[in-house]
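So that we are looking at the same thing, I have put the structure below in structure tokens.
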Amino acid sequence: MKIQSAEVIVTSPDRNFVTLKLTTDDGLTGLGDATLNGRELAVVSYLRDHVVPLLIGRDAHQIEDTWQFLYRSAYWRRGPVTMAAIAAVDVALWDIKAKAAGMPLYQLLGGASRTGLMAYGHASGRDLPELFDNVRSYLDKGYKAIRIQTAVPGLRAIYGVAGNATTEGNKGKRYDYEPAQRADLPVEEDWDTRKYLTHLPGVFEAVRNEFGADIPLLHDGHHRMTPIQAAKLGKSLEPYDLFWLEDCTPAENQAALRLVRQHTTTPLAIGEVFNTVWDYQTLITEQLIDYVRSAVTHTGGISALKKILDFAAQYQIKSGMHGPTDISPVGMAAAMHLGLAIHNFGIQEYMSHGALTNSVFQQTFTFTDGMLHPGEQPGLGVSLDVDEAGKYPYQTAYLPYNRLADGTVHDW
Ligand code: GCO
Ligand code: MG
């Protein structure tokens with residue numbers, strides 16, 4: 001079974017998505033997600049100019065060999081663009097193999113280890129009443145775990161708060177619920193760690209008082225603290241029993257997590273911006289984190305992320321795969337098949353896509369009583385309507401960035 005054609009499809013229904021579609025000489029097709037939020041066209045070029053020509057004529061069954069060939073023959077190792085491109089090829093080949101086998105993909109990864117995947121949703125609010133309403137709406141939709149983000153008094157706009165992320169032109173549009181904005185320049189947001197550290201514990205206290213002790217609560221620090229600030233936050237959140245504190249520091253300095261870990265029992269999740277096992281080496285072997293946040297899409301695909309998660313399993317570290325709207329339905333399906341099969345599944349982030357996105361990508365997954373399941377269709381269970389996709393050409397969009405009160409650029 002040879003790869004006959006490879007097409008890179010860019011579409012922007014609710015937001016930009018990059019998808020690789022492989023077709024074999026016996027007519028099977030496979031899809032892979034290659035969306036890199038705010039840098040989409042770099043991956044398009046990497047695929048079109050440097051990967052697609054290498055794929056034509058290759059045996060579609062040789063997934064591992066193709067992965068090693070693309071990784072090693074590039075010579076230049078790692079990085080988000082390279083690893084998103086390799087991920088798209090890897091996932092498309094798994095999709096094809098599972099279709100050829102006539103099985104849903106999770107069966108080829110070892111079969112189901114559970115009946116469904118606990119998902120968490122994103123609640124946010126500019127103040128407590130708005131946050132509580134938002135939490136209630138997630139509970140009504142069946143979510144069993146909820147991420148809590150709020151505005152901080154004195155700060156104009158910060159990461160993760162839906163109402164704050166709006167710009168005039170985008171008001172009322174779906175982009176309000178995610179950080180990327182369709183514009184020619186990144187939106188500027190503001191940041192003050194001291195104000196944040198003072199405000200946040202009270203928010204969690206109020207949420208626990210309102211909603212009780214049982215519901216798993218999560219929070220994303222989005223790389224904005226130093227290790228000692230992160231240690232302080234983890235400690236001050238201990239009474240509210242978080243499921244995890246995410247990206248408390250810019251964790252490319254893995255050793256910094258030793259300091260955080262020495263000071264707090266709040267579980268830690270890291271890695272949505274990582275792309276290989278080497279980014280996790282110290283974090284895993286020294287048990288400095290509890291959850292691996294990598295997405296299939298940004299970490300070289302199912303083949304590579306499964307190896308990272310198997311490695312993590314030896315240290316009782318679980319999965320917490322990244323699942324924002326910038327992971328396409330193809331990337332989300334890949335995450336669901338992998339999560340269903342591995343032993344050390346932890347939780348799955350699920351922001352859910354909009355109606356336009358769902359008109360481009362037809363999907364078989366289900367979300368029932370807070371649990372995701374990828375469905376039983378052979379392959380990933382996702383198809384892409386090329387005509388629909390063509391109605392929504394690429395639009396320039398960027399993630400925001402932060403400045404401190406004195407104008408200094410800060411981690412966003
Ligand atoms: C998350 C993430 C996202 C990212 C976004 C960047 O936890 O879901 O932090 O909100 O900011 O995916 O592309
Ligand atoms: Mg995050």
Side-chain angles (χ1 to χ4, degrees), residues 12 14-18 33-43 80-81 83-84 87 119-124 138 143 145-150 157-165 174-183 186-187 189 191 196 200 216-225 230 233 242-252 267-275 279 289-299 319-329 331-332 335 346-354 357 372 396-402 410-412:
S12 193
D14 298 298
R15 57 150 21 267
N16 293 318
F17 293 112
V18 178
D33 178 25
T35 308
L36 187 62
N37 205 2
R39 295 292 186 271
E40 294 88 354
L41 299 183
V43 192
V81 176
M83 299 314 288
Y120 73 89
H122 286 200
S124 69
Y138 278 96
Y143 281 89
I146 299 182
R147 189 182 91 160
I148 302 290
Q149 306 290 137
T150 61
I158 65 168
Y159 165 79
V161 184
N164 272 352
R174 194 176 163 75
Y175 262 44
D176 295 356
Y177 299 96
E178 61 173 60
Q181 303 266 327
R182 284 172 166 160
V187 169
E189 297 185 347
W191 186 246
Y196 166 74
L200 198 67
L217 297 177
L218 302 86
H219 179 73
D220 192 345
H222 225 248
H223 328 270
R224 291 166 303 195
M225 284 164 277
L233 180 64
L242 265 61
F243 185 95
W244 78 34
L245 170 62
E246 177 187 343
D247 285 337
C248 59
T249 63
E252 53 264 39
L268 303 174
I270 278 176
E272 68 183 35
V273 299
F274 290 174
N275 39 70
D279 300 317
I289 56 170
D290 301 280
Y291 297 92
V292 164
R293 282 286 287 148
S294 279
V296 168
T297 303
H298 300 134
T299 323
S319 73
M321 284 178 246
H322 195 204
T325 38
D326 47 285
I327 304 289
S328 87
M332 286 302 295
I347 198 166
Q348 175 62 53
E349 182 179 21
Y350 175 51
M351 265 177 88
S352 88
H353 289 109
T357 296
L372 290 161
T396 305
Y398 285 106
L399 287 164
Y401 77 108
N402 267 341
H410 189 72
D411 288 306
W412 170 77

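As the structure lists them, so they are numbered: ligands from 1, and atoms in each ligand from 1. Heavy atoms only: backbone and side chains are in, while hydrogens, waters and symmetry mates are out.
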Closest Asp220 atom to the Mg ion (ligand 2) [N, O or S only]: OD2

From atom 5 (C) of ligand 1, work out which of Asp220, Leu399, Asp326 has a heavy atom at the shortest distance. Asp326

Looking only at the aromatic ring of each residue, does the gap between the centers of Tyr196 and Trp191 stay below 6.0 angstrom? yes

Is the shortest side-chain heavy-atom distance between Ile327 and Met321 below 4.5 Å?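 Sidechains of Met321 and Ile327: no contact.
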
Would you mind checking which non-hydrogen protein atom is closest to atom 10 (O) of ligand 1, with the distance to 0.1 Å?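 Going atom by atom, the protein heavy atom closest to atom 10 (O) of ligand 1 ends up being Tyr159 OH, 2.7 Å.
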
Which N, O or S atom name in Glu246 marks its closest approach to the Mg ion (ligand 2)?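 Of the nitrogen, oxygen and sulfur atoms in Glu246, the Mg ion (ligand 2) lies nearest to OE2.
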
Do any heavy atoms of Arg293 fall under 4.0 Å from ligand 1? yes

Using a 4.0 Å cutoff against the non-hydrogen atoms of Trp412, which atoms of ligand 1 qualify? 11 (O)

Between Met351 and ligand 1, find which residue part has any heavy-atom pair under 4.0 Å and reply side chain, backbone, both or neither. neither

Distance under 4.0 Å to a non-hydrogen atom of Pro324: what atoms of ligand 1 satisfy this? 8 (O), 12 (O)

Of the N, O or S atoms in Glu272, the one nearest the Mg ion (ligand 2):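 Nearest to the Mg ion (ligand 2) within Glu272's N, O and S set: OE1.
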
Identified ring pair (Phe, Tyr, Trp, His ring centres under 6.0 Å) partner of Trp412 from the options Tyr159, Tyr401, Tyr398: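 Passing option: Tyr159.
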
Using a heavy-atom cut-off of under 4.0 Å, does the side chain or the backbone of Arg147 touch ligand 1, or both, or neither?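 It is the side chain that touches ligand 1; the backbone stays farther off.
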
